Amino acid sequence: MTSQLNPFEISQRQLDEAAALLGLSPAMHAFLRVPMRELQFTIPVQMDDGNFEIFQAFRVQYNDARGPAKGGIRFHPQETVDTVRALSAWMTWKTSVVDIPLGGSKGGVICDPRSLSTGELERLSRGYMRKVAYFIGPDKDVPAPDVYTTPQIMAWMLDEYEVITGHHLPGVITGKPVPLFGSLGRGDATARGGIYTVREAAKVLSLDLQGAAAAIQGYGNAGQFAHQLGRDLLGLKIVAISDTKGGIYDEKGLDFEAARAWKQETGSVVNFPGAKNITNAELLELPVTVLVPAALEGMITAENAGRIQAKIVAELANGPTTPEADQILFQRGAYVIPDFLCNAGGVTVSYFEQVQNAYNFYWKIEEVYERLDARMTTAFHAVHEMAEARKVHNRLAAYLVAVKRVAEAVATRGWAR
Ligand code: GLU
């Protein structure tokens with residue numbers, strides 16, 4: 001990984017810029033630049049063929065000044081400790097920018113879940129929980145789903161935790177299936193929150209989104225729901241989607257139900273009948289109004305940013321854009337809704353899930369949507385106004401809003417000044 005694309009170095013560079021503008025003291029800056037705690041461990045798993053495999057895993061608690069650390073667990077073959085560190089930093093700024101009383105953390109396992117059987121996946125998930133059980137807890141650090149982890153995986157992990165502790169403690173993990181005390185509305189929350197911010201961006205830009213073209217990179221949980229909700233809530237015409245195997249394009253628009261069924265049947269969106277196959281790189285450069293990076297980090301770089309034509313870039317992925325690309329997009333007048341604002345809907349409904357678990361009393365879906373909309377809309381305008389006032393790009397503005405709140409909590413606790 002070149003240092004230009006090392007996500008942790010990128011997250012530190014982003015913080016450095018914000019720290020200078022906020023006038024943070026050297027001690028405060030140094031404290032916020034690195035995780036507070038990290039756990040690196042192995043998970044031995046007996047595979048279906050009887051042999052053992054040893055998986056490398058991480059849990060990083062970046063900062064818990066504003067509340068229990070919060071963040072998902074990623075199962076990915078290319079996972080590294082630096083990726084997890086960066087993602088835990090972004091979680092810290094994410095919970096802060098939407099002003100929920102939580103800190104930031106992240107977990108990861110180096111594995112390819114697509115090559116594991118259901119039994120192997122369950123043993124790996126339970127093994128992860130056995131190793132982190134003493135390190136996490138509803139009032140310490142609360143995991144959730146992320147790339148390639150699912151509500152079912154959260155259910156196995158919850159069960160393992162409750163067996164270890166001997167208590168019912170559903171608030172130890174969020175993104176659970178609804179029958180096991182998950183929240184209604186958690187499934188599509190990341191995309192829904194992002195779509196609310198696109199709606200607000202269109203208002204401040206005086207753009208009409210009805211029938212406007214959009215492209216979505218990545219067709220996992222966030223990407224698929226962005227397709228559906230972009231159509232249902234904003235009237236967007238989704239002309240391109242993609243996954244790890246490639247993308248498809250149809251200027252007349254791609255039908256959501258048919259595309260999702262195709263992906264389920266064939267394992268990819270590629271070769272969808274009637275659409276043209278394109279590459280992931282081509283998708284980013286299409287002449288669309290809204291571009292939604294919903295895959296992994298490091299996709300929009302100095303190399304391709306100059307060719308991006310979208311008016312709104314809604315970052316449902318974590319870390320899709322490098323700092324060099326940010327400058328280029330800003331100069332070109334693209335309106336970027338930065339990742340830890342745009343995709344904060346997931347953790348916001350995770351927070352609602354924890355609140356409901358703590359009350360042991362559950363909300364209607366309408367209540368979830370209404371409260372999510374209020375949080376996302378307030379956060380969007382706080383960032384937008386900061387960007388206007390300081391004449392900086394939206395990501396830096398989001399950092400200014402979020403880092404200031406975390407620094408205040410750190411200072412008030414007396415950890416650093
Ligand atoms: N993994 C999601 C994220 O990156 C959700 C985290 C959570 O719900 O705690 O925001």
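Since the model is a prediction, treat every value here as computed from it, not as a measurement.
For the residue pair Thr83 and Glu297, no side-chain donor N or O sits within less than 3.5 Å of a side-chain acceptor on the partner. Side-chain atoms of Trp90 and Gln14 include a donor-acceptor pair closer than 3.5 Å. The closest side-chain donor-acceptor pair between Tyr362 and Asn357 falls under 3.5 angstrom. Checking Tyr219 against Arg260 by side-chain atom types alone, no donor-acceptor pair falls below 3.5 Å.
Remark: Glu388 engages His384 in a side-chain contact (heavy atoms from CB on, under 4.5 Å) (not counting sequence neighbours). Considering only residues two or more places apart in sequence or on other chains, Lys391 meets the salt bridge (Lys or Arg N to Asp or Glu O under 4.0 Å) condition with none of them.
A salt bridge links Glu122 to Arg126: one of the charged nitrogens lies within less than 4.0 Å of a carboxylate oxygen. Salt bridge Arg13/Glu17: absent, no basic N to carboxylate O contact under 4.0 Å. Taking 4.0 Å as the cut-off between side-chain N and carboxylate O, Asp16 and Arg33 count as a salt-bridged pair. Arg199 has a carboxylate O that lies under 4.0 Å from a charged side-chain N of Asp373, or vice versa, which qualifies the two as a salt bridge.
Once rounded to the nearest 0.5 Å, the distance linking CZ of Phe340 with CE of Met91 reads 11.5 Å. The CG atom of Asn63 lies 9.0 Å from the CZ atom of Arg37; values are rounded to the nearest 0.5 Å.
Screening Met376, Glu200, Lys203 for a side chain to side chain contact (heavy atoms under 4.5 Å, CB included) with His381, the sole residue that qualifies is Glu200. Considering Glu353, Gln354, Lys70, Arg186 in turn, Lys70 is the only one that fulfils the side chain to side chain donor-acceptor pair (under 3.5 Å) rule with Thr174.
Side chain of Asp64 to backbone of Ala69: no donor-acceptor contact under 3.5 angstrom is found.
Aromatic ring orientation, Phe380 versus Tyr335: tilted (interplanar angle from 30° to 60°).
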